[in-house]
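Below you'll find the structure, written out as structure tokens, and then a few comments.
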Amino acid sequence: MHPYRIGFGEDAHRLQSGVPLMLGGMEIPDSPHGSTAHSDGDVLLHALSDALLAAFGLGDIGQYFPPSNPNYENLASQVILQTVQARIGDQVGRTEVVNVAGVVTLDRPKLGPYRVSMQRTLAELLETEPSHVGLSFKTSEGLATRHVQARVTVLMHAPDLAS
Ligand code: C5P
Ligand code: MG
């Protein structure tokens, strides 16, 4: 069996003024709005976590953190990612990220100035190099101004799957 797995994940949350905008494990400074959610609303980490689970056929984050459960209110999305990583470790053994590519759709603010910090933050969370983390930012051309959306693809190497 080939020891590689590809995963894809997607997430979107409604925007609300006056709340922090969390994306890719960091807060975007001076944003006019942030995303509302039962967690900190980091759509990029949610899409990434789903992509990792999908790579190994392990479902999605809603199974581990049901939105209906009040215990998960204000949950840090890094905890979701760490839980997913631990679950994959239990089920699959050793894994490494070959590379990851994400797209964030958001009309404002401009995210380009934060790309390098976000690559570094995600690389640290994924124990890979910033150059293995691709990030593109898109506007919706004014067609979807009320939400922020992320899509993520990940390629994983899982050497124990080869045997
Ligand atoms: O969506 P559009 O193609 O018009 O975006 C043009 C460019 O603006 C993108 O390629 C990206 O570099 C940048 N951008 C950004 N932050 C956003 C949306 C777009 O930096 N929130
Ligand atoms: Mg979410």
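When a ligand or atom number is given, it counts from 1 through the structure's own listing order. Heavy atoms only: backbone and side chains are in, while hydrogens, waters and symmetry mates are out.
What you find for L52 and I88 is that their closest heavy atoms are O-CD1, 3.6 Å. Smallest separation of non-hydrogen atoms from D107 and S140: OD1-N, 2.5 Å. The shortest heavy-atom contact between Q78 and G25 is NE2-O, 3.4 Å.
Within 6.0 Å of CD in E10 there are more than 12 heavy atoms belonging to other residues, nucleotides or ligands.
Of the protein's non-hydrogen atoms, the one nearest atom 9 (C) of ligand 1 is F137 O, 3.1 Å. The nearest heavy-atom contact from the protein to atom 21 (N) of ligand 1 is L106 O, 2.8 Å. When only non-hydrogen protein atoms are considered, atom 6 (C) of ligand 1 lies nearest to K110 NZ, 4.6 Å. If you check which protein heavy atom lies closest to atom 20 (O) of ligand 1, you get G112 N, 2.9 Å. The shortest contact between atom 16 (N) of ligand 1 and any protein heavy atom is with L111 N, 2.8 Å. Ranking protein heavy atoms by distance to atom 1 (O) of ligand 1, first place goes to T139 N, 2.6 Å. Protein heavy atom in closest approach to atom 12 (O) of ligand 1: R115 NH2, 4.1 Å.
The closest side-chain heavy-atom distance from L44 to L135 is below 4.5 Å. For the pair S39/L45, no side-chain contact is recorded, criterion being any heavy-atom separation below 4.5 Å from C-beta on. Inter-residue side-chain proximity for T105 and H147 is flagged as unmet; no heavy-atom pair is nearer than 4.5 Å. Contact check for L125 versus L48: no side-chain heavy atoms found under the 4.5 Å cut-off.
Ligand 1 does not have S140 within reach: every non-hydrogen atom of the residue lies 4.0 Å or more from it. No heavy atom of R108 sits closer than 4.0 Å to any atom of ligand 1.
Between P113 and ligand 1, a contact under 3.5 Å exists for no N or O pair. An N or O contact shorter than 3.5 Å links K138 to ligand 1 by distance.
Under the 3.5 Å distance criterion, the side-chain polar atoms of Q63 are matched with a main-chain donor or acceptor of D60.
Within the listing of ligand 1, atoms 4 (O) sit less than 4.0 angstrom from a heavy atom of E141.
With a heavy-atom cut-off of 4.0 Å, S136 does not touch ligand 1 at all.
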